[in-house]
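Taking it in order: structure first as structure tokens, then the write-up.
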Amino acid sequence: MIAPATAATVVSAVLGWYDQHRRDLPWRRPGTSPWGVLVSEFMLQQTPVARVREPWLSWLTRWPEPAALAAEAPGEAVRAWGRLGYPRRALRLHQTAIAIVQQHGGSVPTERSDLLALPGVGSYTAAAIASFAFGQRHVVLDTNVRRVLTRIALGEEFPAPATTRAEATLAEGFLPRSPERAARWAVASMELGAVVCSARSPRCGDCPVVRQCAWHRAGRPTYDGPPRRGQTYEGTDRQCRGAVLAVLRGGGEVPEADLLAEWPEPAQRTRAIESLIADGLAVRTGRGRLTLP
DNA sequence: AAGTCGTGGGA
DNA sequence: TTCCCAAGACT
């Protein structure tokens with residue numbers, strides 16, 4: 001835990017820092033719709049900010065509201081997703097647009113429980129949308145905030161692999177009472193983690209709360225917890241799926257036999273195609289051809 | 001609850 | 001060059 005007075009000091013300092021140093025991101029512009037916020041949150045799941053900027057702008061131009069996307073074939077969403085990665089997110093975003101139209105009259109729901117029920121919206125994303133789009137008071141615990149709080153309050157370099165309840169409790173200890181301030185704290189603490197308190201090379205010299213940071217005070221000890229899971233990619237099914245989908249994104253129907261015919265592992269190629277179909281990211285048309293859904 | 005799911009860039 | 005990891009969700 002952390003002393004309430006200390007938490008309040010940290011919040012004030014971080015809010016002040018945010019006012020001065022916040023990045024100008026398109027989805028933070030005043031006037032961004034809840035739909036715009038929702039789309040940004042989908043795109044930002046595991047994808048860096050820099051790569052989301054352009055796709056977000058064109059996405060919102062093409063589909064300025066949920067109904068516009070809902071009216072499209074899912075494959076259009078997958079194609080427009082481009083190389084953002086994890087294309088199932090595009091599918092889920094499309095499904096979410098449909099759910100918003102069918103169950104919420106075309107407007108992004110404001111209740112956290114309703115947001116949570118949308119496909120592709122988990123604990124973090126629901127809280128983020130409710131906070132950023134509707135100014136509500138929620139614990140918004142993403143990878144940035146987890147790292148910031150772990151360093152400040154626990155004195156460790158990295159949080160545990162999985163979010164614990166103790167961590168959520170810790171985060172609640174920082175959450176300001178007023179919704180307006182809580183919502184600002186949510187973005188601000190995320191921004192601090194993204195820009196200053198980064199995973200690789202934290203810029204403690206620029207940090208507004210170095211003096212309150214247990215990790216810094218302890219001499220920035222190196223992480224000694226359980227091994228952080230690596231993400232080997234070369235040679236995996238994911239790589240193969242990505243290659244298949246890249247071809248399908250090119251458009252048209254592709255003869256399955258020609259699709260990645262040169263792939264070194266035929267079994268893996270077959271597995272990738274079947275799993276993409278199972279996921280709804282590809283469909284077989286007549287005569288053994290594959291296309292986007 | 002540990003694995004799976006893309007892709008690219010900075011250190 | 002290689003490695004690490006980035007506003008997670010889902011099973």
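To the nearest angstrom, C1' of B/dG6 lies 6 Å from OH of A/Y86. The CG atom of A/N144 sits 12 Å away from the C1' atom of C/dG8 (whole-angstrom rounding). Rounding to whole angstrom units, CG of residue A/L281 and C1' of C/dC10 are separated by 14 Å. Between the P atom of B/dG6 and the CG atom of A/L276 lies a distance of 7 Å, rounded to the nearest Å. Rounded to a whole Å, the CZ atom of A/R271 is 11 Å from the P atom of B/dT4. Computed from coordinates, the A/L38 CG to C/dA9 C1' distance equals 14 Å when rounded to whole Å. When rounded to the nearest whole Å, the span between CG of A/L84 and P of C/dG8 equals 14 Å. Look at CG on A/D142: it is 10 Å from C1' on C/dA6, rounded to the nearest Å.
Ion pairing of A/E76 with A/R79 is present here, as a side-chain N (NZ or NE/NH1/NH2) and a carboxylate O approach within less than 4.0 Å. Between A/E256 and A/R284, at least one side-chain nitrogen of the basic residue sits less than 4.0 Å from a carboxylate oxygen of the acidic one, meeting the salt-bridge criterion. Ion pairing between a basic and an acidic side chain is recognised when a charged N comes within 4.0 Å of a carboxylate O; A/D279 and A/R241 show such pairing. In this structure, A/R151 does not pair ionically with A/E156, as no charged nitrogen and carboxylate oxygen lie closer than 4.0 Å.
B/dA11 and C/dA7 are spaced 14 Å apart, taking the P atom of each and rounding to whole Å. Going from the P atom of B/dG8 to that of C/dA9 covers 23 Å, rounded to whole Å. Separating the C1' atom of B/dC5 from that of C/dC5 is a span of 15 Å, rounded to the nearest Å.
Across all strands, A/T236 comes closer than 4.0 Å to no nucleic acid atom at all (heavy-atom distances). Across all strands, A/L245 comes closer than 4.0 Å to no nucleic acid atom at all (heavy-atom distances). Residue contacts for A/R203: at a heavy-atom cut-off of 4.0 Å it reaches no nucleic acid atom on any strand shown. Within 4.0 Å (heavy atoms only), A/R28 reaches at least one base atom of the nucleic acid. Within the nucleic acid shown, A/G85 comes within 4.0 Å of at least one base atom, counting heavy atoms only. Residue contacts for A/A199: at a heavy-atom cut-off of 4.0 Å it reaches the sugar-phosphate backbone alone, with no base atom in range. Across all strands shown, A/L25 has heavy atoms under 4.0 Å from base atoms, whether or not it also approaches the sugar-phosphate. Residue A/T143 is classed as a sugar-phosphate contact, given heavy-atom separations below 4.0 Å to backbone atoms only. At a threshold of 4.0 angstrom between heavy atoms, the contacts of A/W27 include nucleobase atoms, whether or not backbone atoms are also involved.
Heavy-atom neighbours of A/R23 CZ from other residues, nucleotides or ligands within 6.0 Å: above the threshold of 12.
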Inset, instruction - Evaluate the criterion side chain to side chain contact (heavy atoms under 4.5 Å, CB included) for residue pair A/I2 and A/L149; output intermediate values, then yes/no. - result: CA-CA 10 Å; A/I2 188 164; A/L149 297 187; over 6 Å; no
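Considering only side-chain N and O atoms, A/T125 lies nowhere under 4.0 angstrom from the phosphate OP1 or OP2 of C/dG8. For A/Q46, no side-chain nitrogen or oxygen approaches OP1 or OP2 of C/dA6 to under 4.0 Å.
Residues from residues 88-99 of chain A lying near DNA chain B, meaning a heavy-atom separation below 4.0 Å, are A/R88, A/R89 in numerical order.
If you check B/dC5, C/dA7, B/dT7 against the side chain of A/R249, the one that comes closest is B/dT7.
The one candidate from A/V37, A/V52, A/L60 that meets the side-chain contact (heavy atoms from CB on, under 4.5 Å) condition with A/W27 is A/V52.
Sequence order on DNA chain C of the closest nucleotides to A/V121 and A/E191 puts A/E191 first from the 5' end.
Side-chain atoms of A/T96 do not come within 3.5 Å of backbone N or O of A/L118 as any donor-acceptor pair.
Judged by distance alone, the side chains of A/R181 and A/S12 do bring a donor and an acceptor atom under 3.5 Å apart. Inspection of the A/E157 and A/W215 side chains reveals no N or O donor paired with an N or O acceptor under 3.5 Å. With no hydrogens or angles considered, no side-chain donor-acceptor pair links A/T291 and A/E253 at under 3.5 Å.
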Where do N or O atoms of nucleotides 8-11 of chain B meet protein N or O atoms at under 3.5 Å, pair by pair?
from   : atom 1 : to     : atom 2 : distance (Å)
B/dG8  : OP1    : A/R83  : NE     : 2.1
B/dG8  : OP1    : A/R83  : NH2    : 3.3
B/dG8  : OP2    : A/R83  : NH2    : 3.0
B/dG8  : O4'    : A/R51  : NH1    : 3.4
B/dG9  : N2     : A/R200 : NH2    : 3.4
B/dG10 : N2     : A/R200 : NH1    : 3.3

